[in-house]
Amino acid sequence: MSLCRTRLQEERKQWRKDHPFGFYAKPVKAADGSLDLTQWTAGIPGRSNTLWQGATYPVTIYFPEEYPSKPPRVKFPAGFYHPNIYPSGTVCLSILNESQDWRPAITLKQIVIGIQELLDSPNPNSPAQEPAWKAYSKDKAAYEKKVREQAKKYANAM
Amino acid sequence: MNQEESDELRIENLPELDVTPDISGYVPLHRDILEDFQKTAVSKRVEKSLEEEISYIRKATDDHIKAILSNQESGLSDMDHYFFENNLKALESLMRAQNDLQIWRNSVDETKKLIVQTSFEEPDYTIENFKDYSEKSGNPEFGDNIMSNYAVYAQLHQSEGTFSNKLKMDETYHYLKNVAFILARPEDPLPDDVADDELAISGGKVSLRDPLSLEYYREPYVSLRCSHIFEKDTIYSHLSNSNLCPVSGCDARISRRDLKPDTIMSLRVKAFFMLEKSKNSSSNVDKL
């Protein structure tokens, strides 16, 4: 079995045994009912006492064949409002960049926690989309309003 | 035959006696003192057999660990546990005996030197100073001197922690101690390394899994550059694409040459599965 499959199976086992509170992550079911370990859906809860609280943001995680040598790609829904997320929804984060801080020993748990942290602490030095980045650097009030609206959209069921 | 003669006979019968090697034959010594000197001589055989015992324990330990590691199928048993614990205790007491013997030797040698020195400094024995000589008989005896020197040396070594340092420096002792510790607590960091944050410790536990495949180690290799541990196959294949340590936040550049088998980690994994097995079997007993 390839390293990619072995690793993903272990990631799944470990996630089921123990994962951070409020998160979810699971491999996607293929049309024939079998599990596709290379594609996962996950939910990132916004941290409490931040603009992002009260909602769980859905992401899709794509693992390449070369994983864990190469990092997975993480995507929010297209048009997700955040300075470091491309219009396509792809997350721009150094630990997910092979030529930056990606290391094969980084686990799924570390990735989703890294993304949770990115939500409330955007990196103004690597803008990935115009609207959120502009608002974040020039009009904080407008930015906060937009983020809160988005949180309502993905609000946790009461 | 009187008592004195039989003592002398006994001493002469021992072949490997280390008799006053520090004193040249021409030094004039009183017959009584010479006898004392001979009696305090410790047979070289004692030291030799201590050394032999110690090296036997070293070899037995090495062989045992090699046997455990080379046998992929079988795990560890309780017997292995006792074996290492007992060897550790034996090694410690042998090394302590060796240490004490050394202190004893030092104090005997010092005392001998002292006596030789005083006998040199003494004026010739003449009818004029006969009175002084007889008054000097209040000087401490040879045996007393040795005992007081021994007490001083022992105290000194105690306060300087010579013996515990010796233990710490001894590779076999260190290794055996770690092995005994690991067999009891396979997932705990070694007591000496607790301050070492380079180790893969999460929540106070040592990970027994390869960070690349997340599976339990089968053939763990440790990087000499950064102490990170990997499964042999996965780190080798990683190194064919990159020379950067796979662990996040580690800047070490590593090559195959920097990797060597990690026996401590192999033993950890073996011990871990042994404990799991015995846990399961005892919980089965509970069920019954």
Side-chain angles (χ1 to χ4, degrees), chain A residues 1-21 23 25-27 35 37-38 40 42 61 63-72 74 91 93-118 123, chain B residues 187 197-223 225-256 258-259 262 265 269 272-273 276 279-280:
Chain A
M1 195 161 47
S2 73
L3 178 57
C4 173
R5 307 249 142 211
T6 318
R7 165 74 178 258
L8 285 170
Q9 246 169 28
E10 282 300 331
E11 287 279 11
R12 180 159 176 255
K13 265 193 230 162
Q14 297 206 356
W15 181 274
R16 290 170 73 142
K17 213 162 73 184
D18 169 52
H19 61 258
F21 180 76
F23 288 79
K26 50 178 186 284
L35 282 180
L37 279 172
T38 63
W40 292 45
I61 308 174
F63 294 94
E65 265 310 306
E66 297 90 343
Y67 174 79
S69 285
K70 287 193 172 28
V74 181
V91 178
L93 184 62
S94 69
I95 59 163
L96 293 175
N97 189 326
E98 195 194 349
S99 55
Q100 289 182 41
D101 296 331
W102 168 253
R103 295 299 174 86
I106 294 177
T107 60
L108 182 63
K109 194 162 114 184
Q110 290 169 308
I111 292 172
V112 292
I113 288 176
I115 293 169
Q116 186 194 40
E117 197 171 304
L118 179 72
N123 178 1
Chain B
E187 287 184 283
D197 52 19
E198 284 289 307
L199 278 174
I201 299 168
S202 57
K205 293 276 179 210
V206 173
S207 168
L208 307 184
R209 292 167 181 270
D210 169 35
L212 296 169
S213 68
L214 296 183
E215 290 186 302
Y216 285 105
Y217 290 111
R218 283 180 296 261
E219 234 184 307
Y221 271 51
V222 61
S223 150
R225 301 236 169 241
C226 54
S227 324
H228 290 125
I229 305 168
F230 309 96
E231 179 66 25
K232 183 187 174 191
D233 289 350
T234 61
I235 188 64
Y236 274 22
S237 74
H238 170 78
L239 290 178
S240 56
N241 305 317
S242 159
N243 61 358
L244 200 57
C245 174
V247 175
S248 182
C250 177
D251 293 328
R253 304 262 163 192
I254 49 183
S255 72
R256 285 189 183 199
D258 304 318
L259 297 163
D262 188 332
M265 183 53 82
V269 176
F272 174 78
F273 283 119
E276 289 287 292
K279 255 188 236 161
N280 288 340

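Atom set for the values below is all heavy atoms of this structure, side chains included, hydrogens, waters and symmetry mates excluded. Chain identifiers are assigned alphabetically (A, B, ...) following the order of the sequence lines, protein sequences preceding nucleic acid strands; residue numbering begins at 1 within each chain.
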Self-check item: Spacing of CG belonging to B:Leu239 relative to CG belonging to B:Leu259, to within rounding of 0.5 Å
Solution: 6.0 Å
Self-check item: Derivation of the side chain to side chain contact (heavy atoms under 4.5 Å, CB included) call for B:Ile254 and B:Leu244
Solution: CA-CA 6 Å; B:Ile254 49 183; B:Leu244 200 57; over 6 Å; no
Exercise. Any chance you could lay out the side chain to side chain contact (heavy atoms under 4.5 Å, CB included) test for A:Leu96 and A:Ile111, step after step, and finish with the verdict?
Key: CA-CA 8 Å; A:Leu96 293 175; A:Ile111 292 172; 3.9 Å; yes
Step through the atoms of chain A and chain B and list each donor-acceptor pair whose separation is under 3.5 Å.
from	atom 1	to	atom 2	distance (Å)
A:Arg7	NH1	B:Pro211	O	3.2
A:Arg7	NH1	B:Leu212	O	2.8
A:Glu10	OE1	B:Arg209	NH1	2.9
A:Ser69	OG	B:Asn241	ND2	3.4
A:Arg103	NH1	B:Cys245	O	2.9
A:Arg103	NH1	B:Val247	O	2.8
A:Arg103	NH1	B:Cys250	O	2.5
A:Arg103	NH2	B:Cys250	O	3.0
A:Ala105	N	B:Pro246	O	3.0

Self-check item: Side-chain heavy-atom pair A:Leu3, A:Pro68 within 4.5 angstrom cut-off
Solution: yes
Quiz item: Is A:Ile106 close to B:Val247 at the side-chain level, that is, under 4.5 Å between some pair of heavy atoms?
Solution: no
Quiz item: Would A:Leu108 and A:Phe63 satisfy side chain to side chain contact (heavy atoms under 4.5 Å, CB included), going step by step from the backbone distance to the final call?
Solution: CA-CA 11 Å; A:Leu108 182 63; A:Phe63 294 94; 4.1 Å; yes
